[in-house]
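The structure appears below as structure tokens.
A quick note: this is a predicted structure, and the numbers were derived from the prediction, not measured. Here is how names work: the chains are called A, B, and so on, in the same order as the sequence lines, proteins then strands, and each is numbered from 1.
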2 protein chains.
Amino acid sequence: MNLSSIQQEFVLHFGEMGSRWGINRTVGQIYAVLFLSNTPLNAEQIVEKLGFSRSNVSMGLKELQAWSLVRLRHLPDDRRDYFTTPEDLWEIVRILVAERKKREIDPTLSKLRELEMQSPDSDADRHAHERLSELRELIELLTGWYDDMNRLETERLKQLLSLGAKIQKLAGKADILSLVGRRKSSDKTPAEKEA
Amino acid sequence: MNLSSIQQEFVLHFGEMGSRWGINRTVGQIYAVLFLSNTPLNAEQIVEKLGFSRSNVSMGLKELQAWSLVRLRHLPDDRRDYFTTPEDLWEIVRILVAERKKREIDPTLSKLRELEMQSPDSDADRHAHERLSELRELIELLTGWYDDMNRLETERLKQLLSLGAKIQKLAGKADILSLVGRRKSSDKTPAEKEA
DNA sequence: CTGTAATTTCAGTTATTCTTGAAATGACAG
DNA sequence: CTGTCATTTCAAGAATAACTGAAATTACAG
């Protein structure tokens, strides 16, 4: 690895963490390099820094592009592809969450709804049906909250997160019950129309 | 697989999703079976339902126990181990988040802080240093918020999540800036007693 | 103790995923 | 077109991870 020790340590750690979250270790490392870099990098530069084969880097970049996690750039008078990560870390978080939601949460919600259509025909299945239903409700609550948060500007979002549980006190002062009453999980607009 | 079609579909889907989140597919399936089950199950019963080898199930259960995701039970006059998942889905979410934080987020924070100790000695490293610092701050903000939420009773938590962005309106009514000002991530008060 | 049922361990096998070099494709200046 | 550089694809090999059966260990009733 052709990286400063700070960078190398981070890259290795990030690759390791990525692999625990279902992301190929080398893809994680490629991302980490881009994340830390000053300037856009082309594939050859990543090869030099990480020592992977050219084709492996190519595949990693393709994967990262499929996740919208890197941006393709071009430099004047240079036909190679250069890549960067967004400057704004919150943008990165938004993209990551949006992609995982799209790929994993939404299909799971669809599956749960589909399974709930089938009516159970045994005690065991009745119980299973009930659990699936609770799970669906929980996911709907969380994704509904996510949709709300996702609409906020970053500064607002940071404010709300900083407030944390203190928001409770504010909520206590206001007419919380009427607001809660207006938004039961049953009258949320179905997630499918948000695509 | 010896499961009703509803159960089988969920188990397969869940195993698939698990594998995308860094969880061994069969471990995910074992969890799914327990999650849906009416009653506590022993290893042999899981073998029958899923068709894995006895030792594979044993290892899967061990893994799930290491994550505190299943609970060990004993039935009267039966020395076999029986397993269940918590009745309360929110409890499951809390455990999952707590474990992932402990295993992945906390070590990452430590690593970031450790790397920030080293002072950068090149432009590239100065930039990298800056990015690591931003990343640490972002994670600190998120984990601080998580700590706050985690202290709430489930009902309160659900209320806040249901409110979603509406909380903005409440925040607008109150003196939000003074509250925000009082809570820099460094001076969080220990037990916000609201419970 | 002894015998038996239950569980766990572990070395070897199998399956899956990752990585690579070589070849193919694409892009474009001359 | 043609030649060059950049990127991608792909089949084969390498590395990991998962799974198994057999043996070892544990737990406990008699």
Audit row: T39(B), H127(A), side chain to side chain contact (heavy atoms under 4.5 Å, CB included) steps and yes/no: CA-CA 10 Å; T39(B) 65; H127(A) 181 264; over 6 Å; no

d(CD, E63(B); C1', dA18(D)) in whole Å: 12 Å

Contact summary for G15(B) and Q29(B), nearest pair of heavy atoms: CA-CG, 3.9 Å

Interatomic distance, R54(B) CZ vs dA23(D) P [rounded to whole Å]: 17 Å

Spacing of L61(B) atom CG relative to dC19(D) atom C1', expressed in whole Å: 15 Å

Distance in angstrom units between L72(A) CG and dA6(D) P, rounded: 15 Å

Test: E140(B) and R113(B) ion pair at under 4.0 Å: yes

Candidates dA27(C), dG21(D), dT20(C) - which lies nearest the side chain of R79(A): dA27(C)

Short side-chain N/O contact from N42(B) to OP1 or OP2 of dT7(C), under 4.0 Å: no

Euclidean distance, atom CD of residue Q65(A) to atom C1' of dT7(D) [Å, nearest integer]: 11 Å

Polar side-chain atom of R156(B) near backbone of M149(B) as donor-acceptor pair, under 3.5 Å: no

Residue F52(B), side-chain atoms from C-beta onward, closest of dA6(C), dT20(D), dA6(D): dT20(D)

R25(B), nearest nucleotide to its side chain (from dC19(D), dT17(C), dT20(C)): dT17(C)

Any T26(A) side-chain nitrogen or oxygen under 4.0 Å from OP1 or OP2 of dC18(C): no

N24(B) side-chain proximity, nearest of dC18(C), dT7(C), dA18(D): dA18(D)

Value in whole Å for how far the C1' atom of dC28(D) lies from CZ of R80(B): 15 Å

N56(B) side-chain N/O to dG21(D) phosphate OP1/OP2 under 4.0 Å: no

Enclosure of R126(A) CZ (heavy-atom neighbours >12, cutoff 6.0 Å): yes

Distance in angstrom units between L41(B) CG and dA6(C) C1', rounded: 16 Å

Whole-Å gap separating C1' (dA12(D)) and CE (M59(A)): 13 Å

Distance below 4.0 Å between K62(B) side-chain N/O and dT7(C) OP1 or OP2: no

S55(B) side chain near dG21(D) phosphate (N/O to OP1/OP2, under 4.0 Å): no

